[in-house]
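The figures here come from the full heavy-atom set of this structure, side chains too, leaving out hydrogens, waters and symmetry mates.
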2 protein chains.
Amino acid sequence: MPPQKQVANLGDIARALGVSVATVSNALSGKGRVSASLIPRVREMADRMGYVPSLAGRALRTGRTGVLGLVLPDIANPLFPQIAQAIEFAASSAGYGILIGDSRGDSSVQTEAIHRLVERGVDGLVVVPRRGTRISESDCPVAVIDSPSTPGNTVSADHWQGGALIGAHLAAFGHRRVLLLGNNPASAVQNDRLAGMRDALSGHAETETLWIEPLEAERGVGSVLGLADYAARGFTAIAAVSDLHALRAFTELHRAGFRVPEDVSVTGFDDFSWSGVITPALTTVRADMQRIAAIAVSSLVRVIEGRDNVDEDGLVVSTEAARVPMQLIARQTSGPVRRASPEDNDKTE
Amino acid sequence: MPPQKQVANLGDIARALGVSVATVSNALSGKGRVSASLIPRVREMADRMGYVPSLAGRALRTGRTGVLGLVLPDIANPLFPQIAQAIEFAASSAGYGILIGDSRGDSSVQTEAIHRLVERGVDGLVVVPRRGTRISESDCPVAVIDSPSTPGNTVSADHWQGGALIGAHLAAFGHRRVLLLGNNPASAVQNDRLAGMRDALSGHAETETLWIEPLEAERGVGSVLGLADYAARGFTAIAAVSDLHALRAFTELHRAGFRVPEDVSVTGFDDFSWSGVITPALTTVRADMQRIAAIAVSSLVRVIEGRDNVDEDGLVVSTEAARVPMQLIARQTSGPVRRASPEDNDKTE
DNA sequence: AGAGTTTGCTTAAACGTTTAATCGGCCGCA
DNA sequence: TGCGGCCGATTAAACGTTTAAGCAAACTCT
């Protein structure tokens with residue numbers, strides 16, 4: 001049994017107005033040749049009958065569904081809400097819907113998730129790749145977010161510049177010894193961030209880098225990082241590569257009797273949702289997700305609608321391979337270095 | 001110009017095998033009468049030609065798109081990843097896709113978001129309502145998550161029981177004075193949680209409740225909550241209604257010189273993604289989102305596929321109006337009350 | 001005024017699927 | 001042998017849209 005029609009379709013409008021379906025279609029889309037007087041009548045009748053175009057019918061005919069797939073390495077990632085919200089906004093502003101595909105951290109699941117989305121007929125994909133994911137595979141347009149490694153089809157936050165922002169911030173506060181806190185030495189993103197910090201600090205402060213993951217591999221997960229020692233050695237600032245690690249640094253320092261930011265400044269990265277709520281609120285740097293999403297979606301839409309240049313792999317080529325600047329959020333965990341009472345602790349001046 | 005076909009369709013397979021499209025369709029779906037010998041041949045040919053059914057064609061014919069809409073009050077909510085991931089998993093296991101609709105906190109946007117999803121032809125909606133949202137409106141099946149107020153069509157975590165879990169946990173640790181930290185006194189969810197805590201603590205400890213939002217309305221957002229005073233008055237545990245507020249409590253206490261959990265235990269709610277990663281890891285309670293999502297999706301699917309009972313508003317009725325039990329995650333921020341030096345504070349033993 | 005062009009609409013086909021209706025052949029049965 | 005029934009397939013219509021092609025009438029131009 002074919003489904004009984006719920007709402008008005010083009011045929012109903014055409015019948016009510018005594019014209020043909022094609023005319024109604026043309027009138028509504030403004031494409032063919034329709035008399036100027038008829039257009040408002042069609043519009044009004046469509047409104048009155050509560051017409052909503054059948055996306056299925058249109059999709060079948062045009063081959064386009066008006067849906068974009070959003071592929072994420074792991075929805076549980078705390079950065080994801082920002083991305084998802086921005087993408088959803090950008091897409092729906094452009095008249096597209098967002099179908100989500102989660103790969104739950106498994107990169108083999110990721111290609112499978114991509115396949116499912118493609119089979120569902122998405123017009124394009126926005127992919128946030130997991131380290132070491134092969135994307136192309138399919139012949140549908142793809143925009144990649146935040147994988148600075150694959151050039152040409154990518155839009156990402158300018159991690160280097162973000163790091164430089166932090167570096168300059170700390171330099172301006174007069175810090176002379178800054179500990180850089182990374183997690184995984186293999187992460188391109190983290191190295192970009194750290195490189196930006198080092199560059200902005202060079203000439204102002206000496207830096208040292210501590211990697212958490214290798215250290216935990218040795219001493220056990222969740223072990224003390226020994227930040228108190230660094231503070232005792234005269235480091236007055238700790239710049240972490242993520243808010244998560246900044247919080248960890250903050251608590252560890254605090255526990256060891258150092259005050260933030262009076263004794264040691266601490267900075268993070270990414271501005272997670274809680275970063276402004278804690279006391280003291282975390283100084284951090286955030287990506288302009290709205291803009292990143294807008295660029296990703298619009299370049300995708302350009303390819304989908306106008307036939308833009310697409311290389312043989314279906315990857316978007318013409319995209320301004322953008323690096324979107326990040327923004328410093330100076331809050332309470334960073335401040336000027338205080339040398340009031342060096343003898344408070346056993347630091348040597 | 002009609003889009004040139006990319007992949008094989010039913011017609012191609014039929015031609016290659018010298019049979020009719022209807023037969024191929026029947027063979028693949030196992031519906032009509034097809035000779036047993038033909039079925040594997042069709043299957044194999046379909047595989048070999050890389051056939052993927054056109055969802056658009058099927059949707060047009062059957063009126064079903066195989067897509068569920070997920071409507072969220074605010075994607076930026078840190079609880080969202082859990083929900084989205086669980087729903088996506090449940091839906092894709094059932095062969096459905098998930099189209100997201102965010103209302104960015106605005107409840108008027110929410111109805112509009114719902115409309116967009118319905119126009120896109122979703123077969124059903126999973127709605128996480130914002131306080132005071134009218135849902136029905138449309139005639140498509142709806143499952144509501146986590147709004148305990150509207151009974152009958154809802155699946156939610158058992159917030160009361162979750163609160164009781166926390167209460168019992170703190171009682172077992174010997175706490176005698178517990179500060180309950182809520183945000184908005186008007187929230188049904190929060191009141192459920194607090195009621196559960198109070199019930200489990202009654203007879204073991206006295207409780208007092210502090211609401212953040214009213215307090216911030218008075219003193220300004222982000223102001224100090226004065227938790228140190230409570231601690232000084234002999235409160236040895238602070239049970240928050242969300243991990244966010246627990247983190248805030250933790251940092252504020254920490255700053256005031258109290259140690260967690262040695263001096264004061266702190267507990268949260270919801271187990272956000274970062275709660276186990278921070279140091280010290282947060283003791284909290286989490287909802288079994290997998291199960292909640294499975295119930296929501298399966299009841300939706302039952303309505304969509306079999307014609308289940310649906311009331312005049314299109315809301316799913318037959319659903320076991322489930323309250324899914326929550327689970328205690330005891331980590332590092334809670335511990336036994338230490339009475340090593342009772343004269344530290346003015347508590348009387 | 002006749003030829004060509006433009007205007008405003010219609011006709012018809014197509015996208016790929018599902019499914020009701022049909023139909024010839026074969027079997028069993030009286 | 002004649003007939004009803006089943007089996008295995010086909011034919012055809014339908015879902016709602018877009019769009020190329022066609023066509024009569026009105027308009028333009030020489």
Side-chain angles (χ1 to χ4, degrees), chain A residues 1-42 45-46 49-67 95 118-121 123 305, chain B residues 1-42 45-46 49-67 95 118-121 123 305:
Chain A
M1 161 198 62
Q4 77 284 16
K5 80 171 75 178
Q6 316 267 24
V7 296
N9 55 17
L10 286 186
D12 296 330
I13 301 178
R15 213 169 309 117
L17 254 50
V19 298
S20 77
V21 272
T23 303
V24 176
S25 174
N26 282 332
L28 289 177
S29 68
K31 281 204 163 174
R33 292 181 302 206
V34 188
S35 73
S37 67
L38 189 53
I39 294 186
R41 286 177 53 213
V42 171
M45 180 59 82
M49 300 181 75
Y51 169 72
V52 303
S54 154
L55 275 300
R58 180 176 296 167
L60 182 54
R61 175 64 225 245
T62 63
R64 295 205 322 243
T65 54
V67 172
V118 172
E119 289 183 9
R120 276 236 144 63
D123 294 337
E305 296 182 352
Chain B
M1 161 200 61
Q4 77 285 18
K5 78 172 75 178
Q6 316 267 25
V7 297
N9 56 18
L10 285 187
D12 297 329
I13 301 178
R15 214 169 308 117
L17 254 51
V19 297
S20 76
V21 271
T23 303
V24 175
S25 173
N26 283 331
L28 289 177
S29 68
K31 281 205 163 175
R33 293 180 301 204
V34 188
S35 73
S37 67
L38 189 54
I39 294 186
R41 286 177 52 213
V42 172
M45 180 60 81
M49 302 181 72
Y51 169 72
V52 304
S54 153
L55 274 302
R58 180 177 296 169
L60 182 53
R61 175 64 224 241
T62 62
R64 294 205 323 243
T65 53
V67 172
V118 172
E119 289 183 10
R120 276 234 143 64
D123 295 335
E305 295 183 352

Of the non-hydrogen atoms in V7(B) and G50(B), which two are nearest, and what is the gap between them? CB-O, 4.4 Å
Between atom CE in M49(A) and atom C1' in dG16(D), what is the gap in whole Å? 14 Å
Backbone N or O of G66(B) within a donor-acceptor pair of the R120(A) side chain at under 3.5 Å? yes
Might you point out which heavy atoms bring N26(A) and G32(A) nearest each other, and give the distance in Å? OD1-N, 3.5 Å
Applying side chain to side chain contact (heavy atoms under 4.5 Å, CB included), run through D12(A) and Y51(A) and close with a yes or a no. CA-CA 9 Å; D12(A) 296 330; Y51(A) 169 72; over 6 Å; no
Just do the side chain to side chain contact (heavy atoms under 4.5 Å, CB included) check on L28(B) and L10(B) with the steps written out, would you? CA-CA 10 Å; L28(B) 289 177; L10(B) 285 187; 4.0 Å; yes
Nearest-angstrom distance from the residue atom CZ of R61(B) to C1' of dA14(D): 5 Å
Pairwise distance CZ(R64(A)) to CG(L55(A)) - rounded to 0.5 angstrom: 12.0 Å
With heavy atoms under 4.0 Å as the rule, sort S25(B) into base, sugar-phosphate or nothing. base
Would you tabulate the pairs of protein nitrogen or oxygen atoms and nucleotide nitrogen or oxygen atoms of nucleotides 21-23 of chain C closer than 3.5 angstrom?
none

L28(B) has an atom CG; how far is it from atom P of dG16(C), in whole Å? 16 Å
Check the interface with nucleotides 10-12 of chain C: list each N/O to N/O pair with the protein under 3.5 Å, or write none.
from, atom 1, to, atom 2, distance (Å)
dT10(C), OP1, S20(A), N, 3.3
dT10(C), OP2, S20(A), N, 2.7
dT10(C), OP2, S20(A), OG, 2.8
dT10(C), OP2, T23(A), OG1, 2.6

Closest to the side chain of V34(B), out of dA9(D), dG16(D), dT17(C), is dA9(D)
Please answer whether the main-chain N or O of R58(B) pairs with a side-chain N or O of T62(B) as donor and acceptor at a distance below 3.5 Å. yes
Give the intermediate values and the outcome of side chain to side chain contact (heavy atoms under 4.5 Å, CB included) for residues M45(B) and R41(B). CA-CA 6 Å; M45(B) 180 60 81; R41(B) 286 177 52 213; over 6 Å; no
R120(A) has an atom CZ; how far is it from atom C1' of dT17(C), in whole Å? 16 Å
Please state how far atom CZ in R58(B) lies from atom P in dT18(C), giving the value in whole angstrom units. 5 Å
As a check of understanding: the bend across the helix from dA1(C)-dT30(D) to dA30(C)-dT1(D), end axes from five pairs, rounded to 10 degrees, works out to 50°
When you measure from the side chain of S25(A) to the backbone N and O of V21(A), does any donor-acceptor pair fall under 3.5 Å? no
Looking across every strand, which nucleic acid part, if any, lies under 4.0 Å from L38(B) by heavy atom: base, sugar-phosphate, or nothing? sugar-phosphate
Check the distance between dG16(C)'s P and L55(A)'s CG and give it to me in whole angstrom. 18 Å
What is the distance from NZ of K31(B) to C1' of dT10(D), rounded to the nearest Å? 19 Å
Starting from P on dA14(C), measure out to CG on N9(B) and report it in whole angstrom. 13 Å
Ignoring hydrogens and geometry, is there a side-chain-to-backbone donor-acceptor pair from D123(A) to T65(A) under 3.5 Å? yes
Strictly distance-based, threshold 3.5 Å: is any side-chain N or O of T23(B) a donor or acceptor partner for the main-chain N or O of V19(B)? no
